[in-house]
Amino acid sequence: MAPHLNIVPSMFVLLLLFISASKVQSGAIDVVAKFGAKADGKTDLSKPFLDAWKEACASVTPSTIVIPKRTYLLSKVNLEDPNWVRFYSIKNFKMFGGGIFDCQGSIASEKNKDPHNRAFRVKLPVNIRFDFVTNALIQDITSKDSKLFHVNVFECKNITLERFKVKAPADSPNTDGIHMGKPDGVNIIGCEIKTGDDCISVGDGTKNLDIKDITCGPGHGISIGSLGKFPNEEPVEGVKVTNCTITNTSNGARIKTWPSESPGIVSDIHFEVIIVNNVSSPILIDQKYCPWSKCKINEESKVKLSNISFKNIRGTFALLEAVKFICSGFLPCQNVELADIDIKHTGAEPATSQCLNVKPITSGKLNPTPCSSLPKCDKI
């Protein structure tokens, strides 16, 4: 058993190159050859890995750490709960090579499903954290069966995750694929995400985020938020989601804020060229987000939404409404655009939509007709 959190150590299946410059150097640091790491499934990789990392960071020339392709036991790399693997305050960093971070999340999933068991949940580790990292490229890495979020990106600048994979069961709770807070200049490109929560979730303070060529599902879709739950949240500005396929998820393109909580700003959010396959709610603005019935649902959200577009979104949906905009009565949504929408019900029912406290700007083909189910509720 691992000494931390009473969680069984996770298997670390890796072929990784951790590098701090654009080229792999000939004098690579091999954790097996130089520091005696053993791929026997019993010997902890933590000390050899950290020893190699310290040597690489102390080098006056660009350094490369190599973890040969085998199966290792890793209890923890960074001795700060609740982290498993954490990359902190690094510049000019690359990680690639086809490795798998397997956190064996099934060990914790039953307790994690209880929404009232927060004391247990806050102790669970995120699979991979990137905190205060600048100029980074993460390629061809897989996160498997995390106990909580798979990846958390916090206050990073100019970081790209490309061909990153997330693998977790559809019923694994609170396992957001890639979550971020307060970053500037994140690119998420060509990723395949299968999980039990949001494929990608965007927290407060996010700026200049580009998400493209994503395959999402199962999961909860691609979400801005949730926002407005905590005081002093920073604005979310400049998010573009393009050329994504979302399949067998509860939501597609979603913005979610809490009612009657803290103020916030969300602006310049654009979803374009999205294919939805059997998605329950393909296009959703939900300013009455209240997943555990522990909020003042009859009060209004204080998060202001403006300059938002949903364009060229096509496919099929499974519930009653293909387009649902539930905006705040305190701060109605402003400048919301719908263009070239063609979403059909998987059964015989016609597609419908609902709008509250918003009057969207429309163009192109529109199926369903915007605000067709509750036209009397349109407000501005």
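By convention here, the first residue in the shown sequence is residue 1.
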*Check the pair Asp204, Lys182 against salt bridge (charged side-chain N to carboxylate O under 4.0 Å, His left out), reporting the backbone distance first and the verdict last.*
CA-CA 6 Å; Asp204 79 293; Lys182 299 178 175 60; 3.1 Å; yes

Contacts table for residues 265-279: side-chain donor-acceptor under 3.5 angstrom, sequence neighbours left out:
unit_1, atom_1, unit_2, atom_2, d
His270, ND1, Ser309, OG, 2.6
Asn277, ND2, Thr247, OG1, 3.1
Asn278, ND2, Asn248, OD1, 3.0

_Can you pull out every salt bridge (Lys or Arg N to Asp or Glu O under 4.0 Å) where at least one residue sits in residues 327-342? Sequence neighbours excluded, please._
Lys311-Glu337, Asp342-Lys344, Asp342-Lys365

*Write out all pairs satisfying salt bridge (Lys or Arg N to Asp or Glu O under 4.0 Å) with one or both partners inside residues 43-66, taking only residues at least two apart or from two chains.*
Lys34-Glu55, Lys47-Asp51

*Side chains of Ser223 and Ser201: do they bring a donor and an acceptor to under 3.5 Å?*
no

*Excluding sequence neighbours, so at least two apart, what forms side chain to side chain contact (heavy atoms under 4.5 Å, CB included) with Asn298?*
none

Side-chain cluster (under 4.5 Å, hydrophobic types only) that [X] belongs to, other residues:
| X | value |
| --- | --- |
| Leu331 | Phe330 |
| Ile29 | Phe35 |
| Ile189 | none |

_Approximate separation, where rounding is to 0.5 Å, of Glu321 CD and Cys355 SG_ = 9.5 Å

*For the atom pair CZ (Phe87) and CZ (Phe93), what is the distance rounded to the nearest 0.5 Å?*
4.5 Å

*Give every residue pair that meets the ring-ring contact (aromatic ring centres under 6.0 Å, His included) criterion with at least one member in residues 163-205, sequence neighbours excluded.*
Phe149-His179

*Got a sec, which pairs hit side chain to side chain donor-acceptor pair (under 3.5 Å) with one end in residues 225-234, sequence neighbours left out?*
Ser226-Trp258

_Pairs where residues 154-169 contributes a residue and the test side chain to side chain donor-acceptor pair (under 3.5 Å) is met, not counting sequence neighbours_ = Asn135-Asn158, Gln139-Glu162, Asp140-Arg163, Thr160-Asn187

*Partners passing disulfide (SG to SG under 2.5 Å) against Cys156 (at least two apart in sequence or in another chain)*: none

*List for me each residue that meets ring-ring contact (aromatic ring centres under 6.0 Å, His included) alongside Phe230, sequence neighbours excluded, and say none if there are none.*
none

*Under 30°, 30 to 60°, or over 60°: which ring-plane class applies to His345 and Phe317, parallel, tilted or perpendicular?*
perpendicular

